[in-house]
Amino acid sequence: MPRNWLLKSEPDVYSIHDLRRDGSTSWEGVRNYQARNFMRDDARPGDRVLYYHSNASPPGVAGLATVSREGYPDPSARDPRSDYFDPKASDEDPRWYMINVAFQEAFPALVSLDDLRAAPGLEKMLVINKSRLSVQPVTDEEYEIVVRMGRGERT
DNA sequence: GCCAACGTTGGC
DNA sequence: GCCAACGTTGGC
């Protein structure tokens with residue numbers, strides 16, 4: 001059974017439309033231990049992804065993706081020229097991990113954070129309460145509700 | 001191992 | 001651009 005995740009990206013940096021253009025991408029640059037652990041330990045190919053635009057107006061879920069590669073060391077942590085360079089990362093201890101994600105679909109209209117807050121069944125979504133976590137698990141029920149909202153289906 | 005200082009995230 | 005929330009760092 002695939003798991004469900006919500007991944008945040010700032011659309012000015014890398015939006016769902018960039019992902020559609022590229023087909024897939026490596027999710028580099030996550031520098032938070034809880035988010036890292038989810039990618040390193042739990043994410044598997046075939047897991048389902050809600051693609052969330054943060055720092056946007058409005059913020060919200062912009063589409064769907066899938067995990068296309070399980071967690072592996074994030075090379076940007078070892079690259080001194082990268083914005084994501086971490087001098088404490090090493091070959092023996094990569095410290096930071098990333099996954100690959102593949103484009104699935106862009107919603108016809110954004111499911112805004114306000115929409116999420118207002119939707120029955122989403123009261124416990126982490127994005128509403130633990131808004132800073134950039135990789136977070138989503139329950140099957142939450143996933144289905146958000147997908148229906150994103151596709152404009154009536155419940 | 002505590003906790004103050006600091007840096008970052010992200011909604012507004 | 002502001003700033004509250006919160007994660008991380010480092011001195012003790």
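Every chain is numbered from 1, with letters handed out A, B, ... down the list of sequences. Values below: every heavy atom of this structure, side chains too, minus hydrogens, waters and symmetry copies.
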> What's the CG-C1' distance between A:L126 and C:dA5, to the nearest Å?
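After rounding, the reported distance stands at 16 Å.
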> Under 4.0 Å, heavy atoms only, any strand: does A:R95 hit a base, just the sugar-phosphate, or nothing?
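Sugar-phosphate contact only.
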> Can you check the A:F38 CZ to C:dG7 P distance for me, whole Å?
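Between P of C:dG7 and CZ of A:F38: 12 Å.
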> Could you check whether atom CG of A:D93 has more than 12 heavy atoms from other residues, nucleotides or ligands sitting under 6.0 Å from it?
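Yes.
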> Could you tell me if the side chain of A:S15 sits less than 4.5 Å from the side chain of A:H53, heavy atoms only?
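Yes, their side chains come closer than 4.5 Å.
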> Of the options B:dG11, C:dC6, C:dG7, whose atoms approach the side-chain atoms of A:R132 most closely?
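Nucleotide nearest to A:R132's side chain: C:dC6.
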> Taking the side chain as every heavy atom from C-beta outward, state whether A:Y143 and A:L64 have any pair of such atoms under 4.5 Å apart.
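A:Y143 vs A:L64: side chains touch.
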> Report the distance from atom CG of A:D86 to atom C1' of B:dG7, rounded to the nearest whole Å.
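Taking atom C1' of B:dG7 as the reference, CG of A:D86 is at 14 Å.
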> Using ring-ring contact (aromatic ring centres under 6.0 Å, His included) as the criterion, point out the one residue from A:Y51, A:W5, A:Y72 that pairs with A:W27.
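Between A:W27 and the candidates, ring-ring contact (aromatic ring centres under 6.0 Å, His included) is satisfied uniquely by A:Y51.
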> Taking CG from A:N32 and C1' from C:dT9, how many angstroms apart are they, rounded to a whole number?
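Going from A:N32 (CG) to C:dT9 (C1'), I get 15 Å.
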> With DNA chain C as reference, determine whether A:Y33 or A:N55 sits nearer its 5' end, using the nearest nucleotide of each.
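Of the two residues, A:N55 wins.
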> Between C:dG10, B:dG10, B:dG11, which nucleotide gets closest to the side-chain atoms of A:K88?
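Looking only at side-chain atoms, A:K88 lies closest to C:dG10.
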> Would you mind reading off the distance between A:L7 atom CG and B:dT9 atom P, rounded to a whole angstrom?
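Those two atoms, CG and P, are 16 Å apart.
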> Could you state the atom-to-atom distance from CG of A:D12 to C1' of B:dT9 in whole Å?
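That distance rounds to 15 Å.
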> Hey, does the side-chain of A:R31 have a donor or acceptor N/O within less than 3.5 Å of a partner on the base of B:dT8?
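Flag unset: no donor-acceptor pair detected.
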> Out of the candidates A:Q136, A:R48, A:E141, only one should pair with A:N4 under the side-chain hydrogen bond (donor to acceptor under 3.5 Å, both in side chains) rule; please name it.
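So the option named by the test is A:R48.
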> Under 4.0 Å between a side-chain N or O of A:Y52 and OP1 or OP2 of B:dG11?
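Checking A:Y52 against B:dG11: at least one side-chain N or O falls below 4.0 Å of OP1 or OP2.
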> From CD of A:E10 over to P of B:dT8, roughly how many Å is that when rounded to an integer?
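Result: 13 Å.
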> Over how many whole Å does the gap from A:L6 atom CG to B:dT9 atom C1' extend?
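Rounded to the whole Å, the gap is 15 Å.
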